[in-house]
K.L.:
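What follows is a structure written as structure tokens; I'll ask about it next.
Since the structure is predicted, the reported quantities are computational estimates derived from the model, not experimental observations. Heavy-atom basis, side chains included; hydrogens, waters and symmetry copies ignored. Below, read A as the first sequence line, B as the second, and so on, with proteins coming before strands; counting in each chain starts at 1.
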There are 2 protein chains.
Amino acid sequence: MTGRGTGPVVVLVEDEPQMRRFLRVALEAEGYRTVEAPTAAEGLQQVAGHNPELVLLDLGLPDGDGVDVTRQLRTWTTVPVIVLSARGQEGDKIAALDAGADDYLTKPFSTGELLARMRVALRRAERRDTPADAVFELDGLRVDRERRLVSVHGAEVRLTPTEYRLLALLVQHAGKVLTHRFLLAEVWGPGRTAQTHYLRVYMQQLREKLEADPARPRWLRTEPGVGYRLHVAS
Amino acid sequence: MTGRGTGPVVVLVEDEPQMRRFLRVALEAEGYRTVEAPTAAEGLQQVAGHNPELVLLDLGLPDGDGVDVTRQLRTWTTVPVIVLSARGQEGDKIAALDAGADDYLTKPFSTGELLARMRVALRRAERRDTPADAVFELDGLRVDRERRLVSVHGAEVRLTPTEYRLLALLVQHAGKVLTHRFLLAEVWGPGRTAQTHYLRVYMQQLREKLEADPARPRWLRTEPGVGYRLHVAS
DNA sequence: CGGCATCTTGATGATTTCCTGATGCGGGGG
DNA sequence: CCCCCGCATCAGGAAATCATCAAGATGCCG
């Protein structure tokens with residue numbers, strides 16, 4: 001990755017080096033991180049690999065049409081795509097937009113307008129990122145992942161970020177046994193899959209906050225030698 | 001309502017009768033139902049009254065700026081807004097887009113492109129759930145997003161623009177936890193998602209102005225390590 | 001050019017969360 | 001019977017995050 005910082009990641013699919021450089025400089029000055037791809041094939045790869053917040057896509061690529069790239073992307077991702085093109089024909093615009101592009105800018109365009117349209121696309125995308133079926137409920141235990149709220153028999157429970165992540169994982173795979181290794185990798189990163197002690201401490205804290213009798217857990221069951229599990233049956 | 005059928009409802013805010021007629025005919029031929037408004041004030045009313053799927057907004061209105069109309073709308077609804085303008089200056093575009101518009105078309109534009117961009121906006125807006133009311137009230141806290149008025153137990157509270165934007169976001173997602181990153185991106189732009197200090201300062205100011213006891217907030221709750229939330233339950 | 005409102009930035013103490021070590025408990029094998 | 005191992009439990013200090021106050025910087029308006 002070329003850019004630094006913590007801003008959104010943008011994939012630039014553009015064959016002309018000069019244009020690429022211009023975009024990279026402009027975007028990085030605004031705090032974006034950029035990934036560059038000079039061809040359609042590489043563009044698809046980079047999007048798949050980096051899972052960016054936005055894609056800037058040139059229509060005239062050496063190895064394929066930008067419209068096809070858009071159609072390809074739309075089969076598996078809803079990442080915002082802004083098309084940049086030298087062609088300003090109505091037909092081109094309609095084809096690109098109907099293929100799934102979010103906006104269409106005709107070269108030459110002003111940097112300010114590009115940035116403004118990028119902000120629009122990011123704004124829209126941010127709002128859509130919330131799945132609606134995010135409420136889990138089981139026998140008094142309620143986990144609302146949209147609001148990030150947890151309650152037991154109606155009483156709201158305050159969880160720390162780590163506690164919540166752990167619980168969210170268990171809920172997501174309700175009923176299944178999750179190994180120590182898996183939980184550690186997901187919550188603390190792949191680096192510390194040996195610190196099983198972390199898990200014990202946080203499971204204890206979760207039980208303390210959620211279970212009526214923490215010593216005899218109803219939901220947060222231990223699977224000795226393997227890991228933990230959110231028990232679903234009665 | 002002028003249009004027939006069951007298609008999406010579109011509010012046309014446009015003072016020129018000829019242009020209005022042209023749009024109405026073009027849209028109804030595509031199956032849209034149209035509602036017309038010749039002024040900014042009437043436009044706001046029609047949007048509030050019809051809860052349309054889309055708004056087409058002319059910038060040059062007799063009784064106010066279209067950018068202001070957009071900003072007004074955005075304080076309480078996320079309905080897609082496409083701006084139509086005779087002015088093609090970069091500054092106009094950026095102002096409108098940053099005020100919350102989803103797209104900006106410079107007159108004269110082709111009908112085909114307009115319809116394609118409308119399809120994009122409708123596609124993007126799909127599967128969302130903001131039956132947002134223009135006036136939010138909760139237990140003495142009142143936020144009128146149509147008039148941009150905030151009051152606590154009847155007493156009006158003066159908020160700075162940034163304070164209001166922050167509060168409006170919290171109100172729009174009342175009950176949900178909004179992450180630092182999200183709030184910063186919405187209020188200060190995607191570039192400064194690391195300046196959590198801004199948030200602390202402004203949350204403090206909001207609490208100072210709204211809460212009876214700023215140190216023990218009733219509405220503006222901190223979610224440590226995550227973000228902030230407008231508390232709705234008891 | 002002030003004056004005013006607002007936004008930004010810095011400094012400091014309080015609070016919350018995280019990590020870590022110590023200790024207790026219980027079952028299985030020697 | 002005792003030791004060892006995995007798990008549970010408790011608690012204290014380190015680190016990160018948050019609240020608070022206030023002083024500069026900025027921009028706007030007359």
K.L.:
Assign each of A:Gly225 and B:Val226 to its nearest nucleotide of DNA chain D by heavy atoms, then name whichever residue's nucleotide is nearer the 5' end.
P.N.:
A:Gly225

K.L.:
Give me the residues of residues 167-186 of chain A where at least one heavy atom lies under 4.0 Å from an atom of DNA chain C, by number, or none.
P.N.:
none

K.L.:
Can you check the A:Glu223 CD to D:dA8 C1' distance for me, whole Å?
P.N.:
16 Å

K.L.:
With distance as the sole criterion, is a donor-acceptor pair present between the side chains of B:Thr78 and A:Arg123 under 3.5 Å?
P.N.:
no

K.L.:
Kindly give the heavy-atom pair with the smallest separation between A:Leu149 and B:Gly175, and that separation in Å.
P.N.:
CD1-O, 4.1 Å

K.L.:
Are there more than 12 heavy atoms of other residues, nucleotides or ligands under 6.0 Å from atom CD of B:Gln89?
P.N.:
no

K.L.:
Identify all pairs in which a protein N or O lies below 3.5 Å from an N or O of nucleotides 28-30 of chain C, and state each distance.
P.N.:
none

K.L.:
What nucleotide among C:dT16, D:dA8, D:dA19 has an atom nearest to a side-chain atom of B:Tyr228?
P.N.:
D:dA19

K.L.:
Is A:Thr196 touching bases, backbone alone, or none of the nucleic acid, heavy atoms closer than 4.0 Å?
P.N.:
nothing

K.L.:
Under 3.5 Å, is there a donor-acceptor pair linking the side chains of A:Tyr198 and A:Arg192?
P.N.:
yes

K.L.:
In whole Å, what is the span from the CE atom of A:Met203 to the C1' atom of D:dC7?
P.N.:
12 Å

K.L.:
Looking at C:dT6, I'd like to know if its phosphate oxygens (OP1 or OP2) sit under 4.0 Å from a side-chain N or O belonging to B:Thr162.
P.N.:
no

K.L.:
Rounded to whole angstrom units, what separation is found between the CZ atom of A:Arg221 and the P atom of D:dA8?
P.N.:
13 Å

K.L.:
Taking only the side-chain nitrogens and oxygens of A:Trp188, find out if one of them lies under 4.0 Å from OP1 or OP2 of C:dC18.
P.N.:
no

K.L.:
So which heavy atom on A:Arg20 is nearest to which on A:Glu14, and how close?
P.N.:
NH1-O, 3.0 Å

K.L.:
In this structure, how many angstroms lie between the C1' atom of C:dC19 and the CG atom of A:Leu199, rounded?
P.N.:
14 Å

K.L.:
Mind calculating the distance between CG (A:Leu206) and C1' (C:dC18) to the nearest angstrom?
P.N.:
14 Å

K.L.:
Regarding A:Ser151 and A:Glu156, is there a side-chain donor-to-acceptor distance under 3.5 Å anywhere?
P.N.:
no

K.L.:
Atom OH of A:Tyr202 to atom P of C:dT16: distance rounded to whole Å?
P.N.:
15 Å

K.L.:
Runs of at least three consecutive Watson-Crick or G-U pairs, both distances under 3.5 Å, are what I'm after; which ones involve DNA chain D?
P.N.:
C:1-30 with D:1-30

K.L.:
May I ask you to say whether B:Glu211 pairs ionically with B:Arg218, meaning some side-chain N is under 4.0 Å from a carboxylate O?
P.N.:
no

K.L.:
Write out a two-atom table: protein N or O, nucleotide N or O from nucleotides 21-30 of chain D, distance below 3.5 Å.
P.N.:
none

K.L.:
Between A:Arg207 and D:dA8, is there a side-chain N or O to OP1/OP2 distance below 4.0 Å?
P.N.:
yes

K.L.:
Give the rounded distance in Å between these two atoms: CD of B:Glu163 and P of C:dT8.
P.N.:
12 Å

K.L.:
Does B:Tyr198 put a side-chain nitrogen or oxygen below 4.0 Å from OP1 or OP2 of C:dC7?
P.N.:
no

K.L.:
Shortest non-hydrogen contact from B:Gly60 to B:Arg87?
P.N.:
N-NH2, 4.5 Å

K.L.:
Take A:Leu230 and A:Val171, measure what side-chain contact (heavy atoms from CB on, under 4.5 Å) needs, and give me the verdict at the end.
P.N.:
CA-CA 7 Å; A:Leu230 186 76; A:Val171 163; 4.1 Å; yes

K.L.:
So that I can tick it off, tell me whether A:Arg33 and A:Glu28 are bridged by a salt bridge, with the cut-off set at under 4.0 angstrom between side-chain N and carboxylate O.
P.N.:
no

K.L.:
How about B:Leu170 and B:Arg229: do any of their side-chain heavy atoms sit closer than 4.5 Å?
P.N.:
no

K.L.:
Start at the 5' end of DNA chain C and walk down; is the nucleotide closest to B:Pro224 or to B:Thr160 reached first?
P.N.:
B:Thr160

K.L.:
Which residue pairs pass the side-chain hydrogen bond (donor to acceptor under 3.5 Å, both in side chains) test when at least one of the two sits in residues 175-189 of chain A, sequence neighbours left out?
P.N.:
none

K.L.:
Under 3.5 Å, is there a donor-acceptor pair between the B:Ser85 and B:Tyr104 side chains?
P.N.:
yes

K.L.:
Can you run down the ring pair (Phe, Tyr, Trp, His ring centres under 6.0 Å) pairs that involve residues 158-178 of chain A, sequence neighbours left out, and say none if there aren't any?
P.N.:
A:His173-A:Phe182

K.L.:
Counting any heavy atom closer than 4.0 Å, what does B:Arg216 reach on the DNA or RNA strands: base, sugar-phosphate only, or nothing?
P.N.:
nothing

K.L.:
Looking at C:dT17, D:dT20, C:dA5, which one has an atom nearest to any side-chain atom of B:Arg158?
P.N.:
C:dA5

K.L.:
Quick one, B:Asp103 with A:Asp103, criterion side-chain contact (heavy atoms from CB on, under 4.5 Å). Give me CA distance, side-chain angles, the key distance, then yes/no.
P.N.:
CA-CA 8 Å; B:Asp103 208 336; A:Asp103 208 337; 4.2 Å; yes

K.L.:
Please work out if A:Tyr164 contacts a base, only the sugar-phosphate, or nothing of the nucleic acid, heavy-atom cut-off 4.0 Å.
P.N.:
nothing

K.L.:
For B:Leu159 and for B:Gln195, find the nucleotide of DNA chain C with the closest heavy atom, then tell me which residue's nucleotide is more 5'.
P.N.:
B:Leu159

